[in-house]
Structures are given as C-alpha cells and as structure tokens.
A.B. asks: 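Here's a structure for you.
Every heavy atom of this structure was used, including side-chain atoms; hydrogens, water molecules and symmetry mates were not. First listed ligand is number 1; within each ligand, the first listed atom is number 1.
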Amino acid sequence: MKTKYLQFTETDLRKAGDLIRNGELVAFPTETVYGLGANALDIEAVKRTYAAKGRPVDNPLIVHIHDKSQIYDIASEVSPDAQKVIERVMPAPITVVLPKRDVISGVITAGLPTVAIRMPLSEEARRFLRAASVPVTAPSANLSGRPSPTTWQRVGEDMDGRIAAILCGQPCEVGIESTVLDLSREQPVVLRPGAVSAQFLGELLGKEVNVLTDPTSKVNSPGVRYKHYAPSVPMVLELDDDFDKLRDFYDEKVKEGYNPVLWVRNPLRYGDRNVAAMGVDDKAVAANLFETLRKLEKKYDFIIASFCWRKNSPYDGPAAQGVLDRLLRACGRNVI
Ligand code: TXA
Ligand code: MG
C-alpha cells in the first residue's frame, strides 16, 4: 500500500475525512502523541487498526470526538463526576472511561461494557475529527510495543506502507499519552497517568483519585499489562540522580564493550562521556521522551536514564507520574 502524506489544507483534510469514512486508516496529530484513526462505526476498519499495529485484540481502543455532544451518543451513563470532568477539563489530554452504548462494538472495547472517550485539545486533531464527522478510534500510531510517535516522521518509520495516509501536523506538545480516568465505577481511578494529574482531578471532584500503578493487579484496563515503549537496545533507569552511581555504571558498560549513553538532567557533569538531556522540568521531559528514546536507540547500544522525582524538585509537576510510568515501562522496570 502506498501511504499518502497529507497536509493541513482544506483539500487534504477533506481527503482524510473521505478515507476514514471509506474504512481506511489515517494517522493524525494530537497534543499527546500521533493517533492511528479509523471509523469507530465500521468494525472492519477498526479491525484493520489492530492488524496495522500488530496489537493484541484484548487491548481496547479510545474513541475520539470533536464535540462534547458526541459523548452522549457513545456513553450510556454520565455520572455527576463524569459531567464535571467533561464540562471543566475537556478538551484536554485526558480520556474518560464510561459505560458504553450498543453502537460501540465490543471489538473496540475488547468485550468490556465500558468505552474510553477522548476529545483532544489539539486544534489540528479536532479539525481532522470534524472532517471525519464520525467518532474515530485511535491508538498511538506506533507498531505495538514501540515508543509512541510524537512527529509525523516517526509515524512514517513505523506505518509507511501499512496505512492509507498520514496527516503531517505539528510535533506533539505534551509528548506522553492522555491520562485515562475510569469514571464508570463508584470511585474514580486513574488507569494510566498522563499530563492531567490525579491530584488535580481529586481537587476538582472533591474526593481522592488513586492511580492504579500495579500492572499485575486485576483491573479493567488491559493496556497496562503489555510491554510498552521498548527501545531496540537495553535500557536501565536510575531514580536518585546519583552522580557516582551513574558514572560508574556507564564506565562499567564501556568496559563490557558497549557504546552507552547517559540520559540525565545535567549532562554537563559527565565530562566527555556520551550524554543526552532529559529536560529541565517534568513537562520538558514528557515533551521529548519518546522522540529522544527513538533517537538514542539509533546512535547508542545501551541507554542509562535518570529521573529523580522528589517533592519540590524541578521534576515535581503534574506530568511527573506519567513520565515515571513511561520510563519504567521503557526499561522493563530495570531500575539500578
Ligand atoms: O493520548 C492518547 O490517549 C493517544 C492519542 C492518540 O489520543 N491514544 C492512545 O491510545 O494512547 P492507546 O491505544 O495507545 O492506549 C489506550 C489506553 C490503553 O491503555 C487501553 O487499555 C485503555 O486506553 N482503554 C481503552 N478502552 C478502555 C476501557 N474501556 N476501559 C479501560 N481502559 C481502556
Ligand atoms: Mg499506545
């Protein structure tokens, strides 16, 4: 299949919308990561998403909308908490899980009685969704298990030849996937941390909002069980910003014959060793996380990352928990 590279012109947006309504797959930018869009009302199209990504079919998809009124066509019940989040927070890098209506196939939800719904903040995303005019399922537009793409070029690396079109928009500002908030049960719970923090949501709802962090516990978010974001080279994570430990680990890897890289907040401290900047605060780390992972794996053969999240430290912001979650998954929880 020859993949078309479309621009944000009226003509190309119309083409993108036509492709979606014809059951084809179109990748598009959002503020979090690029998504791989399909018509949520066309089951064959949705099934194609799983094939293009090589994604396990028991991992459900998020349905994307451009207008809040669409929520009531998709969800069968909107609790007062859900209403508050929809009114006060959306559009934002957040996804809400609500009881589903019958129009949403079990193919999308992996058989669950709930549906995940997201209205992106990105103007480009909403222009595309408006052009599609139907609700659009969209996982991140990477091959399953690979780091999520935050530029259209990275989408091309994984998806060229596998999908009908890529809408070439801006690089994603947030850089990590949306916060997934389950509002289908009595107690709201964050199933996947993102840029909208659990603390913020707790303050908004006036109740405690926990983050589900144990990937082995029995939950109704199948996505958290899978290996994610793995770079093609070995990676470890250090959590204390301990200069001696990082330097010694690096030097040990060099002795073993590796060409490693230190991915740290203060690269200048490490002399002439290979270094990459992690970012000055949690927001900057999130924005560059997946892009840097994909760059480093091409240049080096061992990634030594450091992310030290302490109260009132520069990394102590709303995106910290999401960043830590992605880094832990990327290194397969290999913490030194
Ligand atoms: O930022 C994002 O959310 C991006 C952009 C493209 O919008 N999309 C994204 O999709 O990250 P994906 O497929 O990579 O991740 C979807 C997550 C998975 O962890 C999945 O298990 C969870 O949402 N999910 C989907 N439907 C669910 C449901 N009904 N109940 C619980 N979790 C659900
Ligand atoms: Mg994904």
A.B. asks: Below 2.8 Å, can you find an N, O or S atom of Ser144 next to the Mg ion (ligand 2)?
C.D. replies: no
A.B. asks: Below 3.5 Å, N or O to N or O, backbone or side chain included: is there any such pair between Ser140 and ligand 1?
C.D. replies: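 N/O-N/O distance below 3.5 Å exists for this pair.
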A.B. asks: Find all atoms of ligand 1 within a distance of less than 4.0 Å from any non-hydrogen atom belonging to Glu177, and give their numbers and elements.
C.D. replies: 1 (O), 2 (C), 11 (O)
A.B. asks: Relative to the heavy atoms of Ser178, which atoms of ligand 1 are at a distance of less than 4.0 Å?
C.D. replies: 1 (O), 2 (C), 3 (O)
A.B. asks: Only heavy atoms of Leu112, strictly under 4.0 Å: list the atoms of ligand 1 that pass.
C.D. replies: 28 (C), 29 (N), 30 (N)
A.B. asks: Looking at Leu61, which atoms of ligand 1 are within less than 4.0 Å of one of its heavy atoms?
C.D. replies: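 Near Leu61, the atoms of ligand 1 are 25 (C), 26 (N).
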A.B. asks: For ligand 1, which part of Arg55 has a heavy atom less than 4.0 Å away: the side chain, the backbone, both, or neither?
C.D. replies: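 Side chain only; the backbone of Arg55 stays clear of ligand 1.
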A.B. asks: Check Asn59 against ligand 1 and report side chain, backbone, both or neither, counting heavy atoms closer than 4.0 Å.
C.D. replies: side chain
A.B. asks: Under 4.0 Å from a heavy atom of His64: which atoms of ligand 1 are those, numbered in the order shown and with their elements?
C.D. replies: 5 (C), 6 (C), 7 (O)
A.B. asks: Got a donor-acceptor contact below 3.5 angstrom from the Gln187 side chain to the Glu208 backbone?
C.D. replies: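 Present.
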A.B. asks: Going by distance only, is there an N or O of Tyr34 that falls short of 3.5 Å from an N or O of ligand 1?
C.D. replies: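 By distance alone, the answer is no.
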A.B. asks: List every atom of ligand 1 that sits less than 4.0 Å from any heavy atom of Ala138, numbering the atoms from 1 in the order shown and giving each element.
C.D. replies: 6 (C), 8 (N), 10 (O)
A.B. asks: If you measure from each non-hydrogen atom of Arg118 to ligand 1, which part falls under 4.0 Å: side chain, backbone, both or neither?
C.D. replies: side chain
A.B. asks: side-chain hydrogen bond (donor to acceptor under 3.5 Å, both in side chains) between Ser140 and Glu177: does it pass, once the steps are laid out?
C.D. replies: CA-CA 8 Å; Ser140 47; Glu177 303 87 342; 4.6 Å; no
A.B. asks: When you look for heavy atoms under 4.0 Å from ligand 1, do you find them on the side chain of Thr32, its backbone, both, or neither?
C.D. replies: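 It is the side chain that gets close, since no backbone atom is under 4.0 Å.
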A.B. asks: When you compare the side chain of Asn274 with that of Asn259, does any pair of heavy atoms fall below 4.5 Å?
C.D. replies: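 When only atoms from C-beta onward are counted, Asn274 and Asn259 do touch, with a gap below 4.5 Å.
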A.B. asks: Anything under 30° is parallel, anything over 60° is perpendicular, the rest tilted; go ahead and classify Tyr229 against Phe290.
C.D. replies: tilted
A.B. asks: Any idea which heavy atoms bring Arg55 and Pro60 closest together, and the distance?
C.D. replies: NH2-O, 2.9 Å
A.B. asks: Apply the test side-chain hydrogen bond (donor to acceptor under 3.5 Å, both in side chains) to residues Asp12 and Tyr5: give CA-CA distance (whole Å), side-chain angles for both, the deciding distance (0.1 Å), then the verdict.
C.D. replies: CA-CA 9 Å; Asp12 276 9; Tyr5 286 76; over 6 Å; no
A.B. asks: Return the NZ to CE distance between Lys53 and Met159, rounded to the nearest 0.5 Å.
C.D. replies: 6.0 Å
A.B. asks: Please work out which of Gly35, Pro60, Pro93 has its closest non-hydrogen atom nearest to atom 33 (C) of ligand 1.
C.D. replies: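 Looking at heavy atoms only, Pro60 sits closest to atom 33 (C) of ligand 1.
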A.B. asks: Can you list the atoms of ligand 1 that are under 4.0 Å from a heavy atom of Pro139?
C.D. replies: 10 (O), 12 (P), 13 (O)
A.B. asks: Cation-pi check, Arg127 to Phe8: give yes when NZ or CZ is under 6.0 Å from the six-membered ring centre and within 45° of the ring axis, no otherwise.
C.D. replies: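 No.
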A.B. asks: Quick one: are Phe128 and His66 in side-chain contact, heavy atoms under 4.5 Å?
C.D. replies: no
A.B. asks: Within the 3.5 Å criterion, strictly below it, is a donor on Glu31 or Ser122 matched to an acceptor on the partner's side chain?
C.D. replies: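 No, no side-chain donor-acceptor contact under 3.5 Å.
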A.B. asks: Between Leu191 and ligand 1, find which residue part has any heavy-atom pair under 4.0 Å and reply side chain, backbone, both or neither.
C.D. replies: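 Looking at Leu191 and ligand 1, just side chain atoms fall under 4.0 Å.
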